[in-house]
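Written below as structure tokens is the structure these notes are about.
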Amino acid sequence: MQLRLSDATASAAAAPVIHRSRGLIGAVSVLSLAVLLAFPVATAVLAGDAPYTAVVSGFPGLDVAVATTIAHTIAGITSTATVGALVTLLFLRDARGTASTRVPTGVGLTVLRVASAIWSVTAGALVVLEAADANGVPLSKLNEPGAFAYLYSASDHPIAWTFTFVLAGLVCVASQFATRWTSLLIPLAAAVLGLLAPAAVGQLLVGQNHDLGGDSGYLLTIAAAVHFGVLIVAAARVATGQLMPPRMLKRFTGIVAVSLAVMIVTDPIVSLFKLSGTGILDSMTGWQVIARSAVLLVDAIVIAVLVFRLRSGRLTDRTLTTSFALAGLRAAAWTAVDVAISRIPPPNYFQATSIAEVYMGFNTPDAPTPLVLFTHWRINILFVAIAIAAIAVYLIAARTLRKRGDAWPVGRTIAWITGWAIVVFITSSGFGRYSAPDFAIHMIVHMTLNMLAPMFLVLGGVVTLLLRASKPTRTGPAGPHEWISRVLTWKPLQLIFNPLLVFIGYIASYYALYFSPIFGDYMRFHWAHQLMNVHFLVIGYLFYSLVIGVDRPPRPLPHIGKLGYVLAAMPFHAFFGVILMTSNDIVAETFYRYLDMPWAHLAASQYAGGGIAWAGGEIPLMIVIVVLAVQWSRQDGREAKRVDRHIDTGRDDEFDDYNAMLASLRDRQPSVGPSPQTENADAPGAEEADSTHADNAETRVET
């Protein structure tokens, strides 16, 4: 049977039932399990104590090494399945109307509940196992008084797995009680963070160029989880005798194709970073890279064939069933190789590095002169990737509107592109490169991400554009329009956009970050530095969206409230800048002393940073006030035109009712007793008063 996108016989609620090949499913399941465990366990056994002694660590014993490897493997495959189940339940359901707002029972939800539970338990076990494995001590040592607490704090790995344990547990609990579509959004975010925590403290954190390798590794981790996760869920559906609804095939292939493209781009960068200039056949890591590339190549060929046959109308249920059945094998192979790579110290561990390369991944030997800041670029892969994706989605949506004959202001498109261009420039130019070793440059980057870039981004009106470009579907499954509409009415989003909370977060983040040990600790890690930059951008976007944003926030402020909102923030920036300029204590002094840049002058840099924070806080806010005044004037003008238009067409009788009320008040006669005017008719000036009162009433009626 051929499957086409226009297949009208498919039910909107259920997938087509297929005849299962129990032999194929059983064989693939056994083979997948064997590949999943055999490759990483064999790596751990054959390597023995070599990986531990290579990094000057004791050997915890083969039992600890094998147990940790198996736990890593189980955590890897179950976390992938968890993410895939969440993506499937959120975006790959053939349901419409009220049915699409509910979480359905079935294969996807079962995979989510089982996988997240196993992931959480395994992550909890890894907290203990990593305390022994990362420190090179046997498990018996953990029974000694105070040993576990010491070993736990001596390595970042147990701490990272603690975060994963908590986040995976949150996903597991939420999956048991989730009933609505929006109730899966927080679990999806928690699952992604749970994936990234161990990756951030692993091999991506060490060696030259770890900033490039780290950003690429984070993107690769997320893309691989989405890609192989939805394939695992598709394989589980085939195992239960159900095929994906034909109307979901296009959306499914779009998700796996985009995630595959991200993997194809980022995997070579991560591999080159780990090989660190050595030959690909000169180390075990090189051979493992070849194996992972082979898995990726096979997967890419299978996905390309599926997409080609789907678009040409030659995709049969037998082909799709076989492909999905083998998808679990490809996911197992990828996870197995990935875990095996993590068990062997790569060549980047053994390259000579400077103190600056240890903390930042690169050197900054030249002083940050204007020429250096504008010419010494170093690509920030994370923000470049986010900017490319954001601009691409925006332009596609704008093009969709134009093809439909609807207009979209060019100024908004320019504002959106300009905002992301500023983000890329400030994070990838010399400013981004020197934001770690020089506090003044850091404040320039901070203020730009926190104030300048968000001003342009909120003027782009991306939410309004996406809503207009994605019309609601009446006969097809729920799509982007319905998803965005649900998120906009989601209670947690309304809490996030609470003006008071946004104001507190916008102001307090300055004081909490720089006047506490947080800043000094975060600057030691590339992932933490990136997290700060993301925070600056997000909190700035929230603040300016409430003030000058084109998109209507869940809690809009009146114009006078917006003006007061901006004016209330200005003194806090000035006060923060004054504190920096007058303080005798150097912010993050220990970190800067470790870097020991020959051109650095810490006190002068902090003084300049305080001035930048002061001026950088005042000037953008003054610009916002001007923009707000223009918006206010334009809205008043539009409102006046609307009222005039309604009066001219007879659809607005507000002024007629007002005139009629004044006329009735003028002509109203008292029912009992004389009026004051009558009683005082003979009084001096009474006649003039009556005449004046009547004239004023007539004037109001005419007006």
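Note that these values count all heavy atoms, side chains included, but never hydrogens, waters or copies made by symmetry.
Taking each heavy atom of Asp133 and Pro60 in turn, the nearest pair found is OD1-CG, 4.0 Å. Of all heavy-atom pairs spanning Val424 and Ala387, the tightest one is CG2-CB, 3.5 Å. The two residues Val171 and Ala191 come nearest to each other via the heavy atoms CG2-N, 3.9 Å. Residue Thr221 comes nearest to Ala199 through the heavy atom pair OG1-CB, 4.2 Å, listed as atom of the first residue, atom of the second, then distance. Between Leu142 and Ala132, the shortest heavy-atom contact is CD1-CB, 4.4 Å. Among all heavy-atom pairs drawn from Gly217 and Leu204, the shortest one is CA-CD1, 3.7 Å.
Checked options Leu188, Leu112, Ile77; the residue passing with Thr82 is Leu112 (criterion: side chain to side chain contact (heavy atoms under 4.5 Å, CB included)).
Here Thr68 contributes atom OG1 and Leu139 contributes atom CG; the two are 7.5 Å apart, rounded to the nearest 0.5 Å. Remark: Ile381 CD1 to Asp211 CG distance equals 7.5 Å, nearest 0.5 Å. In this structure, OG1 on Thr80 lies 8.5 Å from CH2 on Trp119, to the nearest 0.5 angstrom. Here the CD1 atom belonging to Ile74 is positioned 11.5 Å from the OG atom belonging to Ser79, to the nearest 0.5 angstrom. The CH2 atom of Trp490 sits 15.0 Å away from the OG atom of Ser485 when rounded to the nearest 0.5 Å. A distance of 9.0 Å separates OG1 of Thr164 from CG of Leu196, quoted to the nearest 0.5 Å.
The aromatic rings of Trp181 and Trp483 sit parallel to each other, their planes meeting at less than 30°, with 60° as the upper class boundary.
Here the side chain of Arg251 pairs no donor or acceptor atom with the backbone of Leu92 at under 3.5 angstrom. A side-chain donor-acceptor contact under 3.5 Å links Ser342 to the backbone of Val339. Between the side chain of Gln530 and the main chain of Phe383, no donor-acceptor pair closer than 3.5 Å is present. Between the Thr253 side chain and the Lys250 main chain, a donor and an acceptor come within less than 3.5 Å of each other. Side chain of Thr110 to backbone of Gly106: a donor-acceptor contact under 3.5 angstrom is found. Remark: the backbone N or O of Gly479 is paired with a side-chain donor or acceptor of Glu482 at under 3.5 angstrom. Thr278 contributes a side-chain N or O that, together with a main-chain N or O of Leu275, makes up a donor-acceptor pair within less than 3.5 Å. Side chain of Asn135 to main chain of Leu151: a donor-acceptor pair is present (N/O by atom type, distance under 3.5 Å, no hydrogens or angles). Without hydrogens or angle criteria, Ser259 side chain to Val256 main chain gives a donor-acceptor distance under 3.5 Å. Side chain of Ser120 to backbone of Ser116: no donor-acceptor contact under 3.5 angstrom is found.
Counting heavy atoms from C-beta on, the side chains of Thr427 and Leu382 never come closer than 4.5 Å. Ile341 is listed as a side-chain neighbour of Val337, based on a closest heavy-atom distance under 4.5 Å. At least one side-chain heavy atom of Leu296 sits less than 4.5 Å from a side-chain heavy atom of Trp334. Residues Phe148 and Val127 form a side-chain contact, since some pair of their non-hydrogen atoms from C-beta on lies under 4.5 Å apart. No side-chain heavy atom of Pro480 sits under 4.5 Å from any side-chain heavy atom of Leu466. Val289 places none of its side-chain heavy atoms less than 4.5 Å from the side chain of Lys274. Taking 4.5 Å as the limit, some side-chain heavy atom of Phe228 sits within range of a side-chain heavy atom of Asp299. A 4.5 Å side-chain heavy-atom check between Met248 and Pro477 finds at least one atom pair inside the cut-off.
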(message) Test side chain to side chain contact (heavy atoms under 4.5 Å, CB included) on Phe273 and Gln203; report intermediate values, then the result.
(response) CA-CA 10 Å; Phe273 157 68; Gln203 296 177 351; 5.7 Å; no
(request) Test Leu220 against Met263 for side chain to side chain contact (heavy atoms under 4.5 Å, CB included), laying out the working first. (result) CA-CA 5 Å; Leu220 176 62; Met263 294 169 64; 3.9 Å; yes
(message) Go through it in stages, so that I can follow the logic: the residues are Phe163 and Leu193, the test is side chain to side chain contact (heavy atoms under 4.5 Å, CB included), and I'd like the CA-CA distance, side-chain angles, deciding distance and then a yes or no.
(response) CA-CA 9 Å; Phe163 278 101; Leu193 292 176; over 6 Å; no
(request) Could you go through the ring pair (Phe, Tyr, Trp, His ring centres under 6.0 Å) check for His72 and Trp161 one step at a time? (result) CA-CA 10 Å; His72 269 283; Trp161 281 107; 5.4 Å; yes
(message) For Val233 and Val87: C-alpha separation, side-chain torsions, deciding distance, then whether side chain to side chain contact (heavy atoms under 4.5 Å, CB included) applies.
(response) CA-CA 10 Å; Val233 177; Val87 172; over 6 Å; no
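Sparse packing is recorded around CE of Met284, with 12 or fewer heavy atoms of other residues, nucleotides or ligands lying under 6.0 Å away. The number of heavy atoms from other shown groups lying within 6.0 Å of OH (Tyr218) is above 12.
If you check the side chains of Thr88 and Arg237, you find no donor sitting under 3.5 Å from an acceptor. A donor and an acceptor atom, one from each side chain of Thr69 and Arg343, are located under 3.5 Å apart.
Judged as a side-chain contact (heavy atoms from CB on, under 4.5 Å), and not counting sequence neighbours, the contacts of Ser276 are Asn348, Gln351.
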